Each structure stands twice: as C-alpha cells, then as structure tokens.
Number of protein chains: 2
Amino acid sequence: MSNSEKPTRKVTSFDVARRAGVSRAAVSRTFTPNASVSPETRDKVVKAAKELGYRVNYLARGLINQRSDFVGIVAAGMDNPFRAMQIEQITKNLVRRNFRPILLPADHGESADHVMDQLLHYNVSGVLVTSDAPPTALCAEFAAAGVPIVLINKADSIPAVDRVVSDNDTAGRLAAATLIETGARHLAVMSAAAISYTARRRQQAFLACCHSLEADVRVIPVKINDYANGFAAAAMLDGVDGVFCINDYMACGLVDGLRRRGIAIPDDVRIVGHDDVPQASWAGYDLTTLRQPCDLQAEQAIDLLLSRMDNPETAERVEVTPVSLVRRSTA
Amino acid sequence: MSNSEKPTRKVTSFDVARRAGVSRAAVSRTFTPNASVSPETRDKVVKAAKELGYRVNYLARGLINQRSDFVGIVAAGMDNPFRAMQIEQITKNLVRRNFRPILLPADHGESADHVMDQLLHYNVSGVLVTSDAPPTALCAEFAAAGVPIVLINKADSIPAVDRVVSDNDTAGRLAAATLIETGARHLAVMSAAAISYTARRRQQAFLACCHSLEADVRVIPVKINDYANGFAAAAMLDGVDGVFCINDYMACGLVDGLRRRGIAIPDDVRIVGHDDVPQASWAGYDLTTLRQPCDLQAEQAIDLLLSRMDNPETAERVEVTPVSLVRRSTA
DNA sequence: TCCGATATTGCACACGTGTACAGTTCCACG
DNA sequence: CGTGGAACTGTACACGTGTGCAATATCGGA
C-alpha cells in the first residue's frame, strides 16, 4: 500500500513524543516498569508507538543503566551431545528470564581468554562458563567490572567466582556400587583425567569407593573423552568385566567397540556411563548411566548469577547438582 | 597488592585521555581502524589504556554507528543433532568474523515471532533463522529497519529475504537411485511433510524420481521427524525393502526399531538418511546418508548476510548447498 | 624565506535513552 | 476558601563513544 519510503530513519522516542503530543520523558516512562505516567498519556504514547513501529533501543538503555541484558555463554566441546543439551537448557532459561544469551564457542586452547575478553566490551550482566576455567587474572578483571562469573562443572576455587558442580562423589560411588552389584569383579574407569576437572573428580571418587570395597580396579587412560577414544579403548579391556565411563559420549563408543569385538554386554562387560544423554536412552545403546539434570543445573547457575548481581560482595558459593542412577540394560 | 578499591567506576576513554595527556578524540581514534593518529600519541594512549584496563564500550559505539556487532540466531529443535552441528558452525563462523551471535531458541509455536521481535531492540546486524520461517509482516519490519534476514533450509520466497537451501532435489534423487541400485524394489519415504519445508521438498523429489523410474513407492507419515517416531515407524513397513528417512535423527530410530523386530539391515530393508549427523558414522549405525556440509552452509548464509548489509536494495537471492552421498552399510 | 600541501589534533555535536529535580495540576479535607 | 499532599509532567543532564570541521604543526620545494 504505502509507497517505498527509502529514507526510513530509525524511529526514536522523540518521534513518538511529537506524534503523541507529549514530552519525550513521558514516552520513556511509558516503557519503563514502575514509572509514573497517567493512564491517558500512556494510552496516547502506546498508540503513537504502535503506529510508528517504535521499539525501545536497548543498547541506549543499557548505556544509561550501566548494564545490558546480555549474558555470555562460553562453551567448548559442542560435539558432545551433553553440551548441546546444556546449551539448550541454559539459553531457554535465560530467555525466559528476559536475558539475551550470547554464545561464544571456545575450543582451541587460549581462545577462551580471548573470547571472554570480548565480553568485557559489552557490559554483560554475567558470564556462564562451561569450557575450561578462565585464568584467575581475567576473573579478577570481571570482578572489578562487577560482572559475575559462574563456572559449570569446572575447576577449583577462584576468588569471587561461583560454581555449580554435579555431585561427582556420589556419581563415582554409585557407578562402583552398581557395577559390583550387577556382578562385576574386575573394574575399570575410563577417562582423560588430565583434561577435565570433572573427569578427574569422578575418577577419584570411583577409585576411592572401589578401594574401600577392596575391589580390583584399573584406570584406562584416553586422550579425549569422546566417541572415537571410547571405541578404540575396547581393545584395552583384557580381564575387565565392569567399566565406568566418565561420560555417555565415550560410553557409546565403548559399547560399539565391544560389540564389534563380539563381547557381550552386560554378560561379559558391564558399563555405566554419565550424563544421560539422549543417545543413552536410544534402543541401540540403552545405557545404564548417571543422570545429570541439566535443566536444574542451568537454573542453579543462573540463580547464582542473579544473586551475585544483587550483592556482589558475598563470598563465593558452590552449588551441587544432584545425580541419580538410571538403570538400563548395560549394568 | 592494591587495596580494596570499592568505587571502581567503569574506566572510560576520558580517563585514558587524561592519563595520556591527550584529548578524548585521540583515544577514540587510537581504537578506530583507519583513523588518523600519530604513532607517538597512539603509543601513549595504548600505554595508558593498558595501565587502566580500559576497553571500548561497544554498546556506545554501536549507538553512534547505528549498527551493532550482534547477529541473531533463531533456532528450533535443538534436540536434533544436526541442529547442534549447525549452531556450532554458525557461531564459530560468526565469531571468526568478529560478530557476536545471540542465540534464541524458538520451539513452541508463536514464540519465534516474539523472540525475533526482541531482536529489533538491539540494532542487530542481521538474523539467521533455522526454525520456522517468520511471518511476512515481521520480515517487512526487519527490512524497513535495514536488518537483513537469511533463512536456512526454510520456506518459500519472502520479499527481501535471502535463503540458503540444501539441494533437496538432488538429495531425493540420489536417495532413490541408491536404494534401487542396492536392490530395493518396494520403496518408502518417511517424513512429517506437514511440519517442515525441507521434509516436504525432499519427499517430493524422492517420489518424483521413483515415479519416473516406475518404482513402487509409499509414503510413511510420521508426526515429527525425530528418533521416537522413527523407532515407532518400524512397525509400519510391511512389504517395504528400502526407506528414505528425511533425516538421520529419525533414521537412527528406524534402525533401532527394525533391529528390535529382527529385521536385517540392509538385507531385508535398505535405509538412506540425510544430514550425515555424527551418529550416522558411529559404528552402531554406520548409516548411508546424504551429507549436508553445514560448515559450508554457514559460510554461505553469513556471506549472504554481509552482502545484503552492503547493498540492501538487491533482489532476494537463493543459495544452494550441495549434497553428496556417503556410502556406508545401510544401503 | 615563503608557500602550499599534508598530517595531526581538539572542540563540539550526535547517537537514543533513563531519571533527578522542580514545577504544575488536581483533589480531599479542614 | 485555603492548604497540604499526591500524582503527574517537562526540562535538563548523563551514559560512552565516533567524527566533521576548523585550527595547528610539519615538511618539502622554489
């Protein structure tokens, strides 16, 4: 209908004010919660805004408010299906709470620092980190800028940085107990402990529990906790009849590797994974595993973020995500 | 070392200017590419900036430049592993080009509109959409605001909206040819054609090719193109010995469902999937499938975004992502 | 020495918004 | 009718930055 209106300047609150016959402040107040505007002027403003297609410029608002609606998510290893679940839950939760998630992949080594450095340019309200833990110096810069950081399943204590960790101790204990209970006598744990805090922690808990039960245990080292390494590790299981895989991603590989070699699951080898990835419940795997409720974990992490936004001076907190055993057919 | 410096005001270009003994404009020019600053003042500014921990406020910069570094990604169905790959490639590509991806999940019906509406508040440089196509009215608003939109694998033509679509025609043809070539005589295609443009298109191409070859074909309707529906559909294959699954996600379900019923693959039933998801190459599936190179697809989509940013007035373009057959053991 | 051209600098304005402050209106109550 | 207070409105400033314009400094050549 309307002709081509080339010089479509961005419509501002000033335009709306003029059209509604009020001051620009009235427009601002109309779109600011808990501001004082009479119903009549509000109506006039809303009407004019709708006619003009006006939207508040959140960048300008963030400038004046000293805080934006952005939350950074720093993630690595997105090939792991668990990471996909995690990111989905986190982003949905953030959007539900009216934040905008800005997602930064940080795979190759030092890029995590670089990428987080970028975030300091945007007045983000907070940062969630699921990749390697950022260096302490950088964390200090965020703290100085008043930007809370929450680490998910990562690393040891850093000053002024909150953390959410899944209950790795219980996980290790449950894994050992389940394997033994289902008949395993020669246990093993598979993990690239050097890489990840989580892997290291679960491995330790598993070993500790096995030792306390005086069970026979070995460590099967892998380079990375992924499918390929799990598959390859099937060749290194002589004399083992029960394996705890640090995550399901790797466990799927192990299952396929064992089948390829004609080894029966769970009769010859029992397997317990971790995470309860979607593939774990696929009929092809039907993996006994430890469920890590990443919807709850996302909730916890974002709660921590908000509470530190409100009072930044509190001591760092650690929230533990509960773990529960999901019994399926591999153990 | 330094004492607790509570009133840590955000450090601005003004602070840097004072410390370096220059004007604020000099600071701005130092951090603006292709600006005119002498090497000496630049050095002074850089030194002062480092000492103070100064970072350019990109929100303010975006305000003055009328454009931010943000690119919106609207995605649905993140449980599908292909979506995870897609998002990983897109975000990595964007970050490499110095954009910040803001990821908005849009699963439940109308929320895509709502979520995209939010983006108009942020002066985003562009939007990539992999969920359902946004309504035409909304697209017009983006066009008016000068914000390019690129649809990935979605919907039909919308004015001023560029698209990237994978080569669905070739996919359907290759699938049919491969199934027949490997001995199938009674074909079927599985897809929730009502839901998705891509599914509809691939199905059509497959049927057309079968008809032209005078092969026996059926359509097996499902509600959603996911694992569970693929698994359940294994019960509906009487007399079928070759199936084209619209995506690998569903194909994995079908494979597991058939195995459960004792049906041999590929001897009794041949299967061709689509996407070449990571699971397709897992030993447990070893799926013959059509590879859709989503790294290339991301590149194409972002190229379209950039080229429309430069000249917004051009007619809408459609880029086709090539598809290639990956022969594995299911066909 | 003088002059024109070039490189560099600072001033001042603009981007679009939130809100303190003072001023105005209006109403209820004495 | 007078008055106090509540509700509302507009003015003016602030947020942190990029850049046009004019002014100044520098330099090479005649």
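Keep in mind that this is a model prediction, so the values were computed, not measured. Just so we're on the same page: letters track the sequence lines, and every chain starts at 1.
- Within the structure, the ring pair (Phe, Tyr, Trp, His ring centres under 6.0 Å) test picks out no pair touching residues 128-154 of chain A (sequence neighbours left out).
- Atoms CZ (Phe14(B)) and P (dG18(D)) sit 16 Å apart, rounded to a whole Å.
- For dG16(D), neither phosphate oxygen OP1 nor OP2 lies less than 4.0 angstrom from any side-chain nitrogen or oxygen of Thr12(B).
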Pairs: protein N or O with nucleotides 8-10 of chain C N or O, under 3.5 Å:
unit_1  : atom_1 : unit_2   : atom_2 : d
dT9(C)  : OP1    : Ser38(B) : OG     : 3.0
dT9(C)  : OP1    : Thr41(B) : OG1    : 3.0
dT9(C)  : OP2    : Ser38(B) : N      : 3.1
dT9(C)  : OP2    : Thr41(B) : OG1    : 3.2
dG10(C) : OP2    : Ser23(B) : N      : 3.0
dG10(C) : OP2    : Ser23(B) : OG     : 2.8
dG10(C) : N7     : Arg29(B) : NH2    : 2.7
dG10(C) : O6     : Arg29(B) : NH2    : 3.0

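- The side chain of Ser28(B) contributes no N or O atom lying less than 4.0 Å from OP1 or OP2 of dT17(D).
- Counting non-hydrogen atoms under 4.0 angstrom, Arg67(A) reaches nothing in the nucleic acid.
- If you measure from atom CG of Asn57(B) to atom C1' of dG16(D), you get 6 Å, rounded to the nearest angstrom.
- Under a 3.5 Å cut-off, the side chain of Thr91(A) and the backbone N or O of Ile87(A) do form a donor-acceptor pair.
- Contact check, Tyr54(A) against dT17(C): a side-chain N or O comes under 4.0 Å of OP1 or OP2.
- Counting to the nearest Å, the C1' atom of dT17(D) and the NZ atom of Lys10(B) are 13 Å from each other.
- Residues meeting the side chain to side chain donor-acceptor pair (under 3.5 Å) test with Ser307(A), sequence neighbours left out: Arg317(A).
- The side chain to side chain donor-acceptor pair (under 3.5 Å) check on Arg19(B) picks up Glu51(B), with sequence neighbours excluded.
- For Glu299(B), the salt bridge (charged side-chain N to carboxylate O under 4.0 Å, His left out) partners two or more places apart in sequence, or in a different chain, are Arg97(B).
- Here Arg42(A) lies out of heavy-atom contact (under 4.0 Å) with every strand.
- Relative to the side chain of Ile64(B), the nucleotides dT17(D), dG18(C), dG16(C) differ in distance, and dT17(D) lies closest.
- Atom CG of Asp69(B) is separated from atom P of dT17(D) by 14 Å (rounded to the nearest Å).
- In this structure, CG of Asn65(A) is placed 6 Å from C1' of dG18(C), rounded to the nearest angstrom.
- Taking Glu319(A) as the reference, nothing meets the side chain to side chain donor-acceptor pair (under 3.5 Å) condition, with sequence neighbours excluded.
- Straight-line distance from the NE2 atom of His121(A) to the C1' atom of dC15(D): 18 Å, rounded to whole Å.
- Ring to ring, Tyr122(A) and Phe70(A) are not that close: their centroids are 6.0 angstrom or more apart.
- Ion pairing of Glu88(B) with Lys92(B) is present here, as a side-chain N (NZ or NE/NH1/NH2) and a carboxylate O approach within less than 4.0 Å.
- For Ser13(B) and dT17(D), the shortest distance from a side-chain N or O to OP1 or OP2 is below 4.0 Å.
- We find that CG of Asn123(A) is positioned 15 Å from C1' of dG18(C), with the value rounded to whole Å.
- Taking atom OH of residue Tyr122(B) and atom C1' of nucleotide dG16(C), one finds them 15 Å apart after rounding to whole Å.
- Summary of helix geometry: the two end axes of the helix from dT1(C)-dA30(D) to dG30(C)-dC1(D), each defined by five base pairs via their C1' atoms, are inclined to each other by 40° (rounded to 10°).
- Checking the phosphate oxygens (OP1, OP2) of dA14(D), no side-chain nitrogen or oxygen of Gln66(A) falls inside 4.0 Å.
- The side chain to side chain donor-acceptor pair (under 3.5 Å) test applied to Asp295(B) returns no partner, not counting sequence neighbours.
- Partners of Pro148(B) under the side chain to side chain contact (heavy atoms under 4.5 Å, CB included) rule, at least two apart in sequence or in another chain, are Leu305(B), Arg308(B), Met309(B).
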